[in-house]
Amino acid sequence: MTETTLERLRQDARDELAALIELRCRLGEDPWVFLPDLPSVDEQVVATLREDRLHSERWRTIRARAYHPAARGGDIAKFEFELLREIALEHPELSSAVWSVLDRVPSRW
């Protein structure tokens with residue numbers, strides 16, 4: 001990924017988060033309450049990259065197996081780890097955000 005592309009993704013993430021903050025404020029929510037729960041800009045970029053990968057044939061098939069009702073316990077966590085790990089390896093500048101997102105993946109769903 002070029003620096004320009006990463007910066008574009010970060011700007012898109014900032015815009016998305018700003019729109020979400022504005023919406024929640026207009027709905028009467030207290031920003032001091034919900035702001036700590038929002039993802040960082042880089043975490044939002046990771047979420048976007050994750051979503052893009054889920055549409056690829058490779059990851060779509062693996063996800064279907066992991067999330068299948070007959071899947072073994074831990075298959076979902078393993079799937080999420082592998083998917084997010086690949087993002088971290090391809091985009092080292094997002095590694096901290098990837099590991100932060102991984103901290104919130106339950107070990108068994």
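- The minimum heavy-atom distance between Asp42 and Arg10, with the atom names listed, is OD1-NE, 2.6 Å.
- Side chains of Leu6 and His91 form no contact here, defined as non-hydrogen atoms less than 4.5 Å apart.
- Counting heavy atoms from C-beta on, the side chains of Arg58 and Arg53 never come closer than 4.5 Å.
- Residues Leu27 make up the rest of the hydrophobic cluster containing Leu23, defined by ILVMFWY side-chain heavy atoms closer than 4.5 Å, directly or through other members.
- For Ser56, there are no side chain to side chain donor-acceptor pair (under 3.5 Å) partners at least two apart in sequence or on another chain.
- Checked options Val98, Leu49, Leu94; the residue passing with Leu84 is Val98 (criterion: side chain to side chain contact (heavy atoms under 4.5 Å, CB included)).
- The side chain to side chain donor-acceptor pair (under 3.5 Å) test applied to Glu22 returns Arg26, not counting sequence neighbours.
- Residues that satisfy the side chain to side chain donor-acceptor pair (under 3.5 Å) test with Arg65, not counting sequence neighbours, are absent from this structure.
- Panel note: side chain Ser100, backbone Ser96; no donor-acceptor pair is recorded below 3.5 Å.
- Partners of Gln11 by side chain to side chain contact (heavy atoms under 4.5 Å, CB included), not counting sequence neighbours, listed by chain and number: Arg8, Arg14, Asp15.
- Residues passing the salt bridge (charged side-chain N to carboxylate O under 4.0 Å, His left out) test with Arg63: none are found, sequence neighbours excluded.
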Under 3.5 Å, side-chain donor or acceptor atoms of residues 30-41 against the rest of the protein: list the pairs with distances, not counting sequence neighbours.
residue : atom : partner : partner atom : Å
Asp30   : OD1  : Trp32   : N            : 3.0
Ser40   : OG   : Glu43   : N            : 3.1

For this session: Please report the C-alpha distance between Leu17 and Gln44 in whole Å, then the side-chain angles of each, then the deciding distance to 0.1 Å, and finally whether the side-chain contact (heavy atoms from CB on, under 4.5 Å) criterion is met.
Result: CA-CA 8 Å; Leu17 290 169; Gln44 188 67 33; 3.9 Å; yes

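- With rounding to the nearest 0.5 Å, the separation of CD1 in Ile62 from CD in Glu57 is 10.0 Å.
- Here Glu90 does not pair with Arg85 in a salt bridge; the nearest charged N to carboxylate O distance is not below 4.0 Å.
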For this session: Would you please test Glu82 and Trp59 for side-chain contact (heavy atoms from CB on, under 4.5 Å) and show each step?
Result: CA-CA 10 Å; Glu82 291 299 326; Trp59 287 108; 4.0 Å; yes

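- Heavy-atom minimum distance, Ala66 versus Ala71: O-CB, 3.3 Å.
- A distance-only check finds no donor-acceptor pair linking the side chain of Arg60 to the backbone of Leu54 [under 3.5 Å].
- Residues satisfying the salt bridge (charged side-chain N to carboxylate O under 4.0 Å, His left out) test with Asp52, not counting sequence neighbours, are none.
- Qualifying side chain to side chain donor-acceptor pair (under 3.5 Å) partners for Glu29, counting only residues two or more places apart in sequence or in other chains: Arg24.
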